[in-house]
Structure formats: C-alpha cells, structure tokens
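Remarks on the structure that follows.
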Amino acid sequence: MTRISVEDLEESTESKVVAEPARVMTLALGEPLSRAEASTLQKRRISRAIGIVAPNDAGKTSLLASLYDLLQEGPVAGVGFAGSSTLIGFEKVCHDARAASRRDVPHMERTSVGAEATFFHLDLRPAGQEIVSLFISDRSGEDYLTATDELARADEFFELRRADIVTLLVNGEHLASSQHRHEVKAITPQIVDALAEAGALRQGSRLAVVLTKQDAVLASPHADRVDREFNGLVDGIAQRHRDYLDAVARFVVAASPADTEQVKRGYGVDELLLFWLRSASPPPSISRASASHGQRMIDLFERRDGTL
C-alpha cells in the first residue's frame with residue numbers, strides 16, 4: 001500500500017473568500033431637525049421654509065398635530081403626504097391631542113424657552129406637481145416675545161430670516177376674552193414691528209396672520225367683535241409693512257376643536273397649507289424702505305440658494 005505524506009499533498013488553489021464590508025443604511029432618527037440637518041435635507045428638492053411665531057397657548061402644537069393627522073387620512077386640498085424625516089417628532093406632538101391619550105382636555109408640551117429652533121419636515125405632493133419639502137420651525141413663543149423688549153435677541157432667529165413665509169398665530173379664545181383681549185391687540189402688532197425693525201424678517205417674505213381656536217370664538221358671545229378686531233389687526237400690519245413684506249394674508253383655523261359638531265377638525269388648515277406651498281415672488285430690489293426696517297448689510301450677503 002502506497003503511503004502519502006503531508007508533503008505530497010498539493011496546496012489548494014481555491015481562492016479565499018473575502019467577506020464584503022457590511023452595507024450600512026443611515027436612517028433618520030425621526031426627531032425634529034437641527035439647523036444643519038434641515039439645511040442639508042433642504043438641498044434635495046424644491047422646498048419651502050415656514051417660520052411660526054406663536055405666543056404661549058396660541059395653538060402652534062395643535063396646528064402641527066392637525067396638519068399631520070389630516071395628511072395621514074388622505075390628501076388635504078389636493079396635497080398628498082409623500083414622506084417625512086421627523087415622524088417621531090410629529091407623533092409626539094400628536095399623541096396628547098388625540099383621543100387615545102384619554103385626557104379630558106388635550107395637553108400640549110411646550111417648546112423649551114431659550115432652546116435653538118428645530119424643524120419639522122414634510123414631503124408633500126400637490127396634485128400634478130413635483131414633491132415639495134416643507135420645513136416648519138419650532139421655537140418657544142416666549143423667545144419671540146422677549147424680542148419686543150430686547151431687539152438684540154432677534155439676531156438668534158435665523159429661522160425667520162430664511163423663512164419664505166412667517167406665520168403669526170393669534171389666540172382667538174383670548175381675543176374673545178375680556179381678560180386677555182387688550183393684551184392680544186397690543187402684542188400682535190408689536191411682535192411684527194419688533195421683528196421687522198431688528199431685521200429678523202427678510203424683505204420680500206410673506207406673512208400669514210392666523211386666528212386660531214375658531215371653535216372657542218364661535219362659542220363666545222363676542223364672535224362678531226373678534227372678527228372685526230382680527231381684521232383690523234391684519235389690516236394695520238399690512239398697511240404698516242406694505243413696503244417691506246411681499247404679502248400679508250389672514251386665515252382662520254380650528255385645528256383641534258373641542259366641539260366638532262360646530263366646527264370640523266382642521267377647519268381652515270387646508271387654505272393655510274396651500275399658502276405655505278405657493279411659490280414666492282422674485283426677491284425685491286433693495287430700497288430705502290428696507291433700511292427703515294433695520295435691514296443690515298450682513299443679511300444681504302447671506303446665501304440665497306434657499307438653504308436655512
């Protein structure tokens with residue numbers, strides 16, 4: 001019998017299997033975006049930046065929750081939901097507003113005072129058009145109110161300087177209240193005046209003034225008075241800033257009404273959404289009118305590629 005030693009065995013010619021590096025897919029965490037994250041995401045496609053200025057209890061969180069929930073049910077005014085990188089953020093603001101929270105009165109968590117603005121993101125597809133990315137800013141309303149006394153604070157509000165549309169919420173329930181009515185009438189134009197004077201509002205941007213909590217307005221005995229006074233506030237703002245802002249529009253909403261028999265949930269949100277998505281006018285030329293509103297040369301040299 002022939003003996004075979006180890007030395008007689010030929011070395012295998014089979015190639016060694018080299019493991020391929022694992023493919024890693026980066027997924028969004030789903031929380032509201034930082035300034036840098038929003039700016040990076042904004043470069044993907046056509047986008048609109050929305051700055052929301054809302055005193056406490058004006059209904060900002062209810063508005064966000066209502067918009068998101070309505071889009072989950074189907075197109076809103078012909079605009080369909082096409083995705084979001086901040087789904088967890090939306091779910092958090094929606095949770096306590098839903099019946100599933102089992103609260104007698106909807107509870108909304110407030111944005112932390114002094115925190116830098118973050119952004120909620122929605123990809124939306126208007127009927128027959130390309131997808132548009134919507135970036136909605138979130139900053140404490142108390143920070144904006146502080147700017148009425150300390151104009152230097154307005155330098156922090158980058159989200160307003162880069163906004164295509166600034167949206168100012170007016171608490172309809174407070175405007176109907178004898179206790180809060182005069183405060184609302186005073187602070188609403190003061191906020192716009194202060195932001196414009198400090199250069200926090202970009203020349204040529206559009207302003208949406210939104211009366212919230214229409215259900216509470218209709219339930220009060222002063223609904224007609226609220227309507228007159230709200231229209232007067234908007235007309236006064238439009239007249240005062242007509243040479244600086246591209247447009248001032250008024251809206252009335254009931255984002256999360258307590259009585260849905262009188263006012264449907266999301267009343268007026270569809271019209272506001274269409275205004276947010278509308279294309280902006282070409283940037284106006286620099287005029288002397290802009291200088292009177294605190295336009296600074298450093299703002300004129302900011303990038304105009306649409307990023308935040």
Side-chain angles (χ1 to χ4, degrees), residues 27-28 30 32-33 37-52 59-60 62-91 93-94 119-138 159-160 162-169 202 204-212 214 234 238 245-257 260 263-284 303-308:
L27 298 176
L33 305 170
E37 291 169 336
S39 184
T40 298
L41 197 59
Q42 194 181 30
K43 298 173 185 176
R44 300 183 313 162
R45 54 171 58 97
I46 298 171
S47 66
R48 302 284 183 270
I50 311 299
I52 295 186
K60 175 183 65 177
S62 295
L63 177 61
L64 291 173
S66 176
L67 174 61
Y68 177 72
D69 273 344
L70 290 173
L71 287 168
Q72 303 314 299
E73 296 174 2
V76 176
V79 178
F81 177 77
S84 171
S85 60
T86 56
L87 290 176
I88 293 177
F90 273 117
E91 287 295 332
V93 300
C94 288
F119 297 85
F120 289 89
H121 162 241
L122 287 169
D123 280 338
L124 303 173
R125 185 185 293 276
Q129 300 180 38
E130 296 182 41
I131 292 177
V132 177
S133 292
L134 199 64
F135 295 89
I136 307 171
S137 71
D138 182 25
E159 71 280 5
L160 300 186
R162 297 307 306 155
D164 297 295
I165 299 175
V166 174
T167 301
L168 173 62
L169 304 189
R202 178 169 54 82
S205 60
R206 290 169 288 165
L207 176 67
V209 186
V210 183
L211 183 72
T212 63
Q214 175 67 354
V234 179
L245 299 174
D246 180 53
V248 177
R250 73 198 74 201
F251 299 89
V252 177
V253 304
S256 299
T260 55
V263 183
K264 67 177 182 178
R265 181 171 63 92
Y267 171 84
V269 174
D270 53 348
E271 295 182 8
L272 179 60
L273 176 61
L274 292 178
F275 185 73
W276 282 353
L277 292 173
R278 191 180 307 163
S279 298
S281 301
R303 292 192 303 172
R304 297 188 176 277
D305 59 359
T307 57
L308 296 168

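Bear in mind the structure is a predicted one, so any value in this text is a computation, not a measurement.
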Requested in this report: Side-chain contact test, heavy atoms from C-beta onward, threshold under 4.5 Å: evaluate it for S47 versus L134 and give yes or no.
Outcome: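 No. Closest side-chain heavy atoms not under 4.5 Å.
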
**Report entry** Student check: side-chain heavy atoms of L63 and T212 closer than 4.5 Å
**Finding:**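 In short, these two side chains do not touch, never coming nearer than 4.5 Å.
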
Taking all non-hydrogen atoms of both residues, which atom of [X] and which atom of [Y] are closest, and how far apart?
{"X": "R206", "Y": "R278", "answer": "NH2-O, 2.9 Å"}
{"X": "I165", "Y": "F275", "answer": "CD1-O, 3.1 Å"}
{"X": "S137", "Y": "I52", "answer": "OG-N, 3.2 Å"}
{"X": "Y267", "Y": "Q214", "answer": "CE2-CG, 4.3 Å"}
{"X": "R44", "Y": "S133", "answer": "NH2-OG, 3.8 Å"}
{"X": "G204", "Y": "D246", "answer": "O-CB, 3.1 Å"}

Using 0.5 Å steps for rounding, measure from the [atom1] atom of [X] to the [atom2] atom of [Y].
{"X": "L87", "Y": "C94", "atom1": "CG", "atom2": "SG", "value": "10.5 Å"}
{"X": "E37", "Y": "Q42", "atom1": "CD", "atom2": "CD", "value": "13.5 Å"}
{"X": "F135", "Y": "D164", "atom1": "CZ", "atom2": "CG", "value": "11.0 Å"}

Query raised in the report: Would a distance-only check, ignoring hydrogens and angles, find a side-chain to backbone donor-acceptor pair under 3.5 Å from T86 to H121?
Result: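 A pair under 3.5 Å: yes.
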
Partner residues of [X] under the side chain to side chain contact (heavy atoms under 4.5 Å, CB included) criterion, sequence neighbours left out:
{"X": "L71", "result": "L67, V76, F81, L122, L124"}
{"X": "A238", "result": "V248"}
{"X": "I131", "result": "R45, A82, D123, R125"}
{"X": "A255", "result": "S62, S66"}

Query - Criterion side chain to side chain contact (heavy atoms under 4.5 Å, CB included) on D138 and V93, from CA distance to verdict - result: CA-CA 12 Å; D138 182 25; V93 300; over 6 Å; no

Report task. Output all residues satisfying salt bridge (charged side-chain N to carboxylate O under 4.0 Å, His left out) with E73, sequence neighbours left out; order by chain, then residue number. Result ->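 Per chain and number, E73 pairs via salt bridge (charged side-chain N to carboxylate O under 4.0 Å, His left out) with R265.
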
Query raised in the report: Which class fits the ring pair F90 and F120: parallel under 30°, tilted 30 to 60°, perpendicular over 60°?
Result: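 Tilted.
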
Report task. With sequence neighbours excluded, tell me which residues meet side-chain hydrogen bond (donor to acceptor under 3.5 Å, both in side chains) with T167. Result ->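 side-chain hydrogen bond (donor to acceptor under 3.5 Å, both in side chains) list for T167, sorted by chain: W276.
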
